[in-house]
Amino acid sequence: MFIAGKWIGKEKTIDVLNPQDHSVISSVPAATAEDMLFAIEEAKNGAKVAAAMPVHVRMAVLNRAAQYIEDHKEKYARTIASEGSKTIREARSEVKRCIQTLKICAEEARRINGETIPFDQSEGSEDRVGYYYRFPIGIVAAITPFNDPLNLVAHKVGPAIASGNAIIVKPATATPLSALLLAEAFEAAGLPGEILSVVTGSGHELGDPLVTHPAVRMVSFTGGLETGEAIAHKAGLKKLSMELGSNSPVIVLKDADINQAVESTVSGAFCAAGQNCIGVQRIYIEEEKFEEFQSLFVERTKRYRIGDKLKESTDMGPMINEREAVRVESWVDEALAKGARLLVGGERKGAFYSPTVLTDVPAGCTIAQQEIFGPVVLLYPVADIHSAIEQSNHVNYGLQAGIFTKNIDKAFEAIEKMNVGGLMINDSSDYRIDGMPFGGVKGSGLGREGVKFAIQEMTEPKVVSFKLAHKRTI
């Protein structure tokens with residue numbers, strides 16, 4: 001693991017397994033609470049070093065790290081595909097996005113601006129002038145998920161460095177290798193050692209020391225709602241940024257381009273084996289087009305190619321482990337037992353779960369209310385847009401959604417009334433670029449990621465006022 005610029009091993013290790021065949025790819029240290037406390041102590045000095053780095057130096061480091069990844073992009077892609085669920089094509093796309101994320105961070109570092117303040121707006125303050133500027137908060141704790149093991153780490157590390165903070169990353173136990181490769185890139189880029197640590201090990205062992213330590217001024221967490229709520233209760237008086245998942249709806253109205261809607265939502269539902277926080281989970285189709293959409297959707301799903309992640313022709317690989325595939329299987333079986341109808345899929349082989357389409361799913365089923373985080377999508381006929389919006393909002397999540405329509409008035413009705421952090425018009429709910437604000441409402445989290453917006457979360461404003469010797473007079 002990488003602590004304060006040094007590569008550190010431990011006698012006790014954790015195997016990193018390929019979910020496709022359960023083979024051991026590598027092993028990483030099983031850090032202890034003492035290791036985490038050491039990383040925090042080192043980060044105290046790292047925060048001072050980071051804050052003192054001139055902006056042009058931060059920019060140069062970020063750009064060099066991006067170039068290092070570009071120079072070794074196939075190594076990064078194969079690591080992502082080996083330790084996680086992504087196919088090699090999906091992994092290459094993630095590497096490309098990571099490079100872009102770091103370059104955006106370098107650009108946004110030059111835009112951390114303040115403003116002058118007209119103090120004379122207040123009577124009696126005519127002799128004062130001043131401004132505010134933004135300063136780094138200090139140490140950021142980042143807890144990252146398995147589904148985007150490189151780019152979601154970059155979305156925390158890059159803004160932290162751009163804004164002059166130290167950061168400690170606790171990567172997902174299942175996929176730590178990509179995060180360590182990101183540390184390798186920053187080491188090669190000349191980042192001062194104390195600024196970044198990537199500490200591997202069990203969340204049960206490392207989580208509490210990291211999130212509760214008073215020197216840690218912000219916790220940036222991406223993961224499940226239950227864990228996020230536990231962190232929020234434990235963290236104390238510090239900033240929290242939390243992306244906690246979703247149950248993303250897409251609405252397809254009768255005037256939509258049905259072929260476009262099918263192609264977009266099939267991809268949005270099954271990419272990365274459905275392990276995507278903004279993946280399509282529920283689709284509400286106007287009744288006049290329901291049968292046509294359902295037929296085309298099932299036909300397209302049947303053509304989805306499942307198999308070896310490293311083959312160029314593969315569309316979908318396994319889930320992250322067999323335990324997760326069993327969970328999804330049990331949720332589908334519960335829905336079927338309560339009256340849902342299986343249109344395609346519903347088959348499990350080890351960690352592989354086939355792309356699955358259900359309809360007639362009762363509202364009370366677990367799979368209708370919770371985040372599936374697997375390759376399952378639910379189809380519902382609806383009378384009109386009003387019913388679709390009402391049903392879309394009827395869950396405790398609100399990250400992103402999509403709507404397909406050629407009617408601008410109906411698009412704006414959805415924009416106004418859908419309770420989500422992002423709405424994609426004529427696109428799947430899983431559309432995202434790295435420069436946009438990203439986050440949700442309700443159980444989907446707090447705050448926003450996306451480079452510019454993460455930098456805002458990782459800095460605080462400081463007001464400066466000068467009292468002049470003489471008041472200004474008219």
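Keep in mind the model is a prediction, meaning the values are calculated, not measured. Values below: all heavy atoms of this structure, side chains included; hydrogens, waters and symmetry mates excluded. Positions are given from 1 along the sequence.
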Ring centers of His72, Tyr76 separated by less than 6.0 Å: no
Parallel, tilted or perpendicular: ring planes of Tyr380 versus Tyr284, cut at 30 and 60 degrees: parallel
Over 12 foreign heavy atoms within 6.0 Å of NZ, Lys96: no
Heavy-atom pair of closest approach, residues Leu102 and Gly158: CD2-CA, 4.2 Å
Greater than 12 external heavy atoms within 6.0 Å of Lys103's NZ: no
Residues Lys170, Thr173; criterion side chain to side chain contact (heavy atoms under 4.5 Å, CB included); working and verdict: CA-CA 8 Å; Lys170 163 58 184 80; Thr173 307; 3.6 Å; yes
Polar contact flag, side-chain donor to acceptor under 3.5 angstrom, Gln260-Ser264: no
Side chains of Glu324 and Tyr353, donor plus acceptor under 3.5 Å: no
More than 12 heavy atoms from other groups under 6.0 Å of NZ on Lys442: yes
Atom pair CG/OG of Leu150 and Ser178 - distance to nearest 0.5 Å: 5.5 Å
For the student: nearest non-hydrogen atoms of Asn321 and Pro19, plus distance: N-CB, 4.4 Å
Polar side-chain atom of Thr356 near backbone of Ser354 as donor-acceptor pair, under 3.5 Å: yes
Heavy-atom closest contact (Cys98 atom, Ala154 atom, distance): SG-CB, 3.7 Å
Residues Arg92, Glu312; criterion salt bridge (Lys or Arg N to Asp or Glu O under 4.0 Å); working and verdict: CA-CA 11 Å; Arg92 289 189 186 119; Glu312 300 287 342; 3.0 Å; yes
Spacing of Lys338 atom NZ and Ile367 atom CD1 [to the nearest 0.5 Å]: 11.5 Å
Which atom of Ala335 lies closest to which atom of Val361, heavy atoms considered: CB-CG1, 4.4 Å
Nearest atoms (heavy-atom pairs only) where Asp315 meets Glu90: O-OE2, 3.8 Å
Expected output: side-chain Arg448 to main-chain Phe453 donor-acceptor under 3.5 Å: no
Modelled atom types, side-chain donor and acceptor of Glu334 and Thr366, under 3.5 Å: yes
Side-chain touch Met1/Trp7, heavy atoms, less than 4.5 angstrom: no
Side chains of Asp71 and Gln67, donor plus acceptor under 3.5 Å: yes
Working for side chain to side chain contact (heavy atoms under 4.5 Å, CB included), residues Val328 and Met319: CA-CA 10 Å; Val328 170; Met319 296 188 65; 3.7 Å; yes
Stepwise salt bridge (Lys or Arg N to Asp or Glu O under 4.0 Å) test for Lys410 and Asp255: CA-CA 11 Å; Lys410 291 183 178 180; Asp255 69 328; over 6 Å; no
